Every structure is written in C-alpha cells, then in structure tokens.
Amino acid sequence: MNQQSRQNPTLFDLLGRCWQRPAPIAGVSFDRQGSSVAFAALDGTLALAPVAEAEGPESRIRVSGDLGQMRILPRARPPAPLTAVSVQEGRAPLVVAFRESGFLVGTDDGTVRRISAQGERGEDFFRLGRSVRALDHAAQSGMTALSDGDDLCVLDQKANLVGRLPAALPDTTALKFSPDGRYLAGVSGESLVILALHEELSVQRVVTLPSPAAGLHWNGQSDRIACGLEIGGLSIVDVPRGRTDTILDFPAPVRGVAWGAAGQLVASGAYRIAAWGTSGDAGSQALLTGHTGLILVEAVASHPTRNLVAAGYADGRIVVARIGGRDELFVRPFGGTVTALAWSADGRHLAIGDADGHAALVTFPPQLFK
C-alpha cells in the first residue's frame, strides 16, 4: 500500500503513511501530546510511529499560478519504519495514553508497563495477580483503573492503591473514566456498572443491558454513556436521570460507537454511518449521514472539533463525512477490513488499523475541511 502510482495516486497515497505489520491491528491510540501513535496487534506486539514527519502533506502542496489549483506531490521517500515492541504472545495488549507522553500497557502476565512515545520500556507501573483484562487512565485526575476480570483496582498517579472492589464487576471487559473524572464505568457481562469516585469507591448505578456490550463510550459532558451491543444495537444511558434508551435491529454487532463534537452519536454495524442528534429519544433523531451501500460499516471515529466522522468498512474503504450530510470524502478506496480508527486530539491526523495488518496514519491539510 505504500507503493504509490505516479500516474494515479489516491488520496490515501498522498496523505497517508502505511506500514505492513505481521498480524491484524486490534487498536490504535495517540498519546496525550499527540506526538506519537501506537498500534496494538493480535500477535501481542505494539508498534509506534511519530506523528510529525519531514515530508508532511503541507510541505508537498503546490498551487498553480494561472488557475490557482492545488495539488499534492507524492512523497520522494518511503516513511520511516515503525518502532516495534514485543509485549506478549497471541493477544493484543491493552493500551491507553498515560500522563503527558507515552502509554500504559496491560499484559497477560498481570503487569501494567510504561512505554514511552519512542517505544522505550520504563519501570513497571503496577502488577496484578492475574491477566489484565481492562485498563483505563484519567487525564484530569491522574487515576488509573484496571481489572483482572474480577477484582477492580483504582490507583493514584504514583500507582498507590486508592480503591479496590473485589468481585464488583465479574468478567470485566471494559473500563472507562468519565471526561470530568468523577465516575468510572465498567462492563460486566450484560451489566453496565457506574462507580462514583469520591473519597471511597462506591457503586452508583447498575444498568442491565439486553446483551453483552462491545465497549462503552462517555460523551463530552460526562452525563451519557453509549454501549454497542453484540446482538446488533446500542444502549444510551442518561446517568443523572437513570434513563436507558436502546436501539436494536442493526444487521451486525455494533463494535464502533463515538460521540460527535456537538454531542451527536454515531455507530457502526449498519450499511451506512448510523447517526443521531443530541436531545430527546435518540431513536427518533436519525441523521442521514453518507451513503447507503451493501458493505457494513465496521469502525467509526468522530472528529474532536468538527462536525465530521470517519468510517471504515468491511471492504477496507474509509470515508470522512459530515454528520447529517450526504457528501463523503474518500480517504482509502479498498483494503483489509477496517478494525480501528482514531483521530488525534487536534483533528489533523487519523490513525487506521485493518485486518490485513496495515497500520496507517493519514494527515489532513487544513484546506480539505474548510
């Protein structure tokens, strides 16, 4: 995919850096500074790339003097190779951004490791008795939550244990701090458990879901949680009011969910980008976004500051669409099934992972989104 056609380069060829990994990509994460991106693969490796590059698209933009038309020249050299770190075998490591730079990585041997933005291993941060099954870090409070699938531990910035709930979330599959740092949500089987982070850890609410969840996602105001469902649908929980809306009848499990910059909700699992508005019953506010086709949307990622969503399809196609709009910008025309998408915090870069082991980073010039 890095080999560019000099005759007809695609937008992906011109804007993206792409690397071939030996196994499918399961997840992508940017560090807090936006200086590095990490690709977690199913063979247990972590591969890191710097976000900055010498031949970024903006350095290759040319504008014709007579018509004022803009074009982007192809790269003169291939991108620098990734820095690969072997973490474990046979399962993708859990990765979250940690502090201002670098990552925390949860492993099967129960260790939570520090890895710098350059791929250097630091001292172990914490150690559980069993495999780390869920992990998250809160930027605002500096707290870290982790679970071995049974016991839940909450740590402070120095990895001191500040809260522990044995057997509160059996079979934990996901943990996520609210953006304001006041709550911690966890998925336990068919239950969504919301914990209050006061002087001591306490269960505030337990929501029964219609099926096992495929992840959980807080909105920016920390008052709603969306959970994709394995049965093909999603549940939206209004945390203050204790109300749950559920939307079913998706043709596939909903494994990708994201909140838009203006509070809209977008999801995968259908033959188009599924999107809803921000108030009232989510099921009654469907926003037609992009085009309907015959290929399932497998991954979605909302732009952090603009009314845009990136979507990846089962046939490898990747588009960027305006939420509630029909027009689409084709980023990649084909490839392996898209398994992971993430925007950088400034919205300039889109990280991509697919089932064929392609790890990519696409940089968008500001002119594209005016």
Side-chain angles (χ1 to χ4, degrees), residues 1 5 8-16 18 28 72 214-215 217 226 228-229 232-234 236 247-278 281-343 347-356 358 360 362-370:
M1 279 189 142
S5 167
N8 296 300
T10 67
L11 189 65
F12 184 73
D13 294 327
L14 296 173
L15 302 183
C18 187
V28 294
I72 303 175
H217 309 268
L229 302 174
L234 69 159
I236 305 103
I247 306 168
L248 297 175
D249 297 327
F250 276 64
V254 177
R255 298 197 172 97
V257 178
W259 293 94
Q264 313 97 320
L265 182 63
V266 295
S268 68
Y271 294 107
R272 70 178 309 146
I273 303 167
W276 298 269
T278 60
D281 178 15
S284 67
Q285 300 178 61
L287 301 174
L288 293 179
T289 301
H291 296 285
T292 303
L294 301 175
I295 308 298
L296 282 168
V297 177
E298 295 285 350
V300 292
S302 292
H303 193 281
T305 60
R306 295 178 180 268
N307 189 36
L308 301 172
V309 57
Y313 289 76
D315 63 357
R317 178 167 39 111
I318 298 169
V319 303
V320 174
R322 192 169 301 280
I323 299 175
R326 304 297 299 276
D327 292 340
E328 296 177 334
L329 174 68
F330 275 80
V331 177
R332 189 175 82 165
F334 58 85
T337 298
V338 180
T339 53
L341 290 173
W343 290 97
R348 294 190 58 232
H349 312 277
L350 179 67
I352 301 162
D354 74 21
D356 288 346
H358 293 118
V362 178
T363 299
F364 294 96
Q367 296 92 324
L368 279 183
F369 294 147
K370 282 189 175 180

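Note that the structure is a prediction, hence the values are computed from the model and not measured.
- Under the 4.5 Å side-chain criterion, counting only non-hydrogen atoms from C-beta, I236 is not in contact with W276.
- In this view, F364 and W343, F369 satisfy the ring pair (Phe, Tyr, Trp, His ring centres under 6.0 Å) rule, not counting sequence neighbours.
- Residues meeting the side chain to side chain donor-acceptor pair (under 3.5 Å) test with R348, sequence neighbours left out: E58.
- T289 meets the side-chain contact (heavy atoms from CB on, under 4.5 Å) test with I273, A275, L287, V309, A321, I323; sequence neighbours excluded.
- Remark: R326 pairs with no residue by the side chain to side chain donor-acceptor pair (under 3.5 Å) rule, at least two apart or across chains.
- Counting all heavy atoms, side chain and backbone alike, A340 lies closest to A299 at N-CB, 4.5 Å.
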Please step through side-chain contact (heavy atoms from CB on, under 4.5 Å) for the pair Y271 and V297, ending with a clear verdict. CA-CA 6 Å; Y271 294 107; V297 177; over 6 Å; no
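- By the side-chain contact (heavy atoms from CB on, under 4.5 Å) test, A270 pairs with F250, P251, sequence neighbours left out.
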L11 and V362: side-chain contact (heavy atoms from CB on, under 4.5 Å), yes or no, with the steps? CA-CA 9 Å; L11 189 65; V362 178; over 6 Å; no
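- With sequence neighbours left out, the side chain to side chain donor-acceptor pair (under 3.5 Å) criterion links H217 to no other residue.
- Here the closest heavy-atom approach between residue A355 and residue T339 is recorded as N-CG2, 3.8 Å.
- Remark: R322 CZ to L329 CG distance equals 10.5 Å, nearest 0.5 Å.
- Residues passing the side-chain contact (heavy atoms from CB on, under 4.5 Å) test with I295, sequence neighbours excluded: Y313, A314, D315, R317.
- The nearest pair of heavy atoms linking L234 to G228 is CB-CA, 4.1 Å.
- Partner V331 forms a side chain to side chain contact (heavy atoms under 4.5 Å, CB included) with one of L368, V320, T10 and no other, that one being V320.
- The side chain to side chain donor-acceptor pair (under 3.5 Å) analysis of residues 247-269, with sequence neighbours excluded, yields the pairs E230-R255, Q264-N307.
- Residue pairs meeting the salt bridge (Lys or Arg N to Asp or Glu O under 4.0 Å) criterion with at least one partner in residues 286-296, sequence neighbours excluded, do not occur; the list is empty.
- Evaluation of the side chain to side chain donor-acceptor pair (under 3.5 Å) rule for D327 yields no partner, not counting sequence neighbours.
- Among residues at least two apart or in separate chains, there is no salt bridge (Lys or Arg N to Asp or Glu O under 4.0 Å) pair with a member in residues 256-272.
- Heavy atoms only, all atoms of each residue included: P365 and I72 are closest at CG-CD1, 4.3 Å.
- Residues V266 and S302 share a closest heavy-atom pair of CG2-OG, 3.3 Å.
- Contact detail for L265 and A226: the closest heavy-atom pair is CD1-CB, 3.8 Å.
- In this structure, F334 CZ and D354 CG are separated by 11.5 Å, a value rounded to the nearest 0.5 Å.
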